[in-house]
Number of protein chains: 2
Amino acid sequence: MATRRDTAAVREHLPIEQRRAQLLTAAAEVMREQGVAAATTRAIAERAGVPHGSVHYCFGTKTALVRALLQSEADRSVESARRRSSRSADLEGVLRNVLEAQLESVRTDPGHHAMLGELIALARRDPALADLPGWEHERYVGAAAERIAEWSAASGVALARPTREIATTIMVLATGLGDLWSATGDRAVLDRTLDDCVRGLAARLSEPA
Amino acid sequence: MATRRDTAAVREHLPIEQRRAQLLTAAAEVMREQGVAAATTRAIAERAGVPHGSVHYCFGTKTALVRALLQSEADRSVESARRRSSRSADLEGVLRNVLEAQLESVRTDPGHHAMLGELIALARRDPALADLPGWEHERYVGAAAERIAEWSAASGVALARPTREIATTIMVLATGLGDLWSATGDRAVLDRTLDDCVRGLAARLSEPA
DNA sequence: GTCTATAACTCGATAGAC
DNA sequence: GTCTATCGAGTTATAGAC
C-alpha cells in the first residue's frame, strides 16, 4: 500500500500568513499572464505548488482572495510609482515625470496593468467587492496629492490649485494615456499626445482659478 | 404522448440574419445588466427567448458571437456620439461638446460603458479576438477626426494641428474622464476636472506645433 | 432548418481522511 | 492543521430527433 510520502512531495508546514502570501503571489502571476478570467482557484493553487483545498483553507472563498489581492496590488502599485518619481523644478516637469513614470510601468508590464483594470471591472460587478474601485481610486489620488504637496514644500513653489485637483487631473491623463498605449502601442503617437496634455494642463493649472 | 405543441410555445421560422440580430440584442442586454462574465450562451438564449442550441446554430462558437457583438456595439456607439454632437464656434467649444456628449452617455448608461470596456479587455486576452481592440480604437479616433474636419470646413476655422492629433487627444481625455466618473460618481469633481482639461488643451491645440 | 438531449469538461466549495 | 477525493452546479459544444 502506497503512503503519502511515496506519491507526492512532502510539503512544509507554513504559517497561514505565509501560505496566504504565497497564494496571492501565484494569483497575481496567473492573472498577469493569462487574465483574471483564467485565474481559477485550481490554476492559482497549481501555480503556487499547493493543493487546491489550500485556497479555501486560507481564504474561505475566492472572493476573499480577490479582495486581498486587489488591496495588496494597489499598495504595490502606489509604492512602485513613488519609487519612480523624480525631482523637477516646475509644475510642468512634475506632471511630465509622474505621467512618464506611470506610462513606463504600463509599457514595461502591460499584463500587470491589464490585470488591475480587469480586477476593478470584476469588483464593480460583484456586490461583495463593490467598495474596492472607489477605495483604489482614492488611494491613487491621495498618493499623488501627497507627492505634489511634498514637491511644493521642498521646492518652495506655491500651487495655484488645490493638490487634490491637480492629482485628479493627473489620474485622468494617466488612465487615458495608458489606454491609448494599450490600444495602439504607438510610441510616437503616445509621446506627442502626452506632450499636448502636459503643456496645456501645466499652463492651465498654474493660473489661479 | 405529448407532442412539441403541447409542451412549448410554437416558435416562428426566422431568417438566420434576424435570429442573429435577436441574439446580439439579447447578449448586449445581459452584458449591460450583469457583466460580460455572466453572459453565458445559455443566459443569452434564455433572454432572447430561443433555445440554447440556436446560439451555436447561428454563430458556431461563442467567440464568433462576441466578435459580431463588439463590432455592432462599436458602430452603435459611434453613431450615438455623432447624433449627440452639436455645433460650436471655437475649438474649445468643440472639445467641450464632444467630451460632454461622451460623458453624458457614460452617465446615462454606465452598464453599457462598462460592458464595452469588459469586451475590449476580453478581446485583448483572446488570440482569436486580438485584432478588435485596435480596430475599435481606430474607429473612434477616425470618427472623431471626421467630425472635427467637418466642423473646420463648416465654420471656416483653420486648425493649427492635424485632425487626428486633436481626435486622439480627445479620446484620451474621454476615456480618462469616463473612468473618473465610474470611480467616483462625483459630478462636481468631474465638471471641474473636465474644465481644467478642456481649457488647457484648447489653448495648446490652437498654437502651431 | 430548428430544437432537445446529452456529452465532455471545468468551476467553487466541502466533507472527511490523515 | 493540512490535503485528497468528490459533490453539485455550471460551462461550451454537438449528435441526432423532428
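Quantities reported herein were computed from a predicted structural model and do not represent experimental measurements. Order of the sequence lines fixes the chain letters, A, B, ..., with proteins taken first and strands second; residue numbering starts at 1 for each chain.
- In this structure, A/L122 atom CG and C/dC11 atom P are separated by 16 Å, rounded to whole Å.
- No option in A/R76, A/R32, A/E29 other than A/R76 meets the side-chain hydrogen bond (donor to acceptor under 3.5 Å, both in side chains) test with A/H112.
- Residue A/S54 places none of its side-chain N or O atoms closer than 4.0 Å to OP1 or OP2 of D/dT2.
- Considering every non-hydrogen atom in both A/T163 and A/L159, the closest pair reads CG2-CD1, 3.4 Å.
- Considering all non-hydrogen atoms of both residues, B/T169 and A/C197 come closest at CG2-SG, 4.3 Å.
- In terms of position along DNA chain C, the nucleotide closest to B/G53 lies nearer the 5' end than the nucleotide closest to the other residue of the pair A/A39 and B/G53.
- B/S105 and B/H113 are not linked by any side-chain donor-acceptor pair at a separation below 3.5 angstrom, with hydrogens and angles left out of the test.
- In this structure, B/F59 places its CZ atom 17 Å from P of C/dG1, rounding to the nearest Å.
- Contact annotation: A/H56 side-chain N/O to C/dA13 OP1/OP2 distance is under 4.0 Å.
- Phosphate contact (OP1/OP2 of D/dC3, side-chain N/O of A/R19, threshold under 4.0 Å): present.
- In this structure, CD of A/E46 is placed 16 Å from C1' of D/dT4, rounded to the nearest angstrom.
- Rounded to whole Å, atom C1' of C/dT2 lies 15 Å from atom CD of B/Q18.
- Distance, B/I44 CD1 to D/dG10 P: 17 Å, rounded to whole Å.
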- Task: Walk me through it: do B/R164 and B/E138 pass the test salt bridge (Lys or Arg N to Asp or Glu O under 4.0 Å)?
- Result: CA-CA 10 Å; B/R164 279 194 66 90; B/E138 172 53 34; 3.1 Å; yes
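- In this entry the distance linking CG of A/L65 with P of C/dC11 reads 15 Å, nearest Å.
- Straight-line distance from the NE2 atom of A/H52 to the P atom of C/dT14: 11 Å, rounded to whole Å.
- One can place CZ of B/R42 at 10 Å from P of D/dG10, the figure rounded to the nearest angstrom.
- With C/dA13, D/dT12, D/dT2 as the candidates, the nucleotide lying closest to the side chain of A/Y57 is D/dT2.
- The listed nucleotides are C/dG12, D/dA13, D/dT12; the one nearest the side chain of B/T61 is D/dA13.
- Closest-nucleotide positions on DNA chain C for A/T40 and B/P15 were compared, and the one nearer the 5' end corresponds to B/P15.
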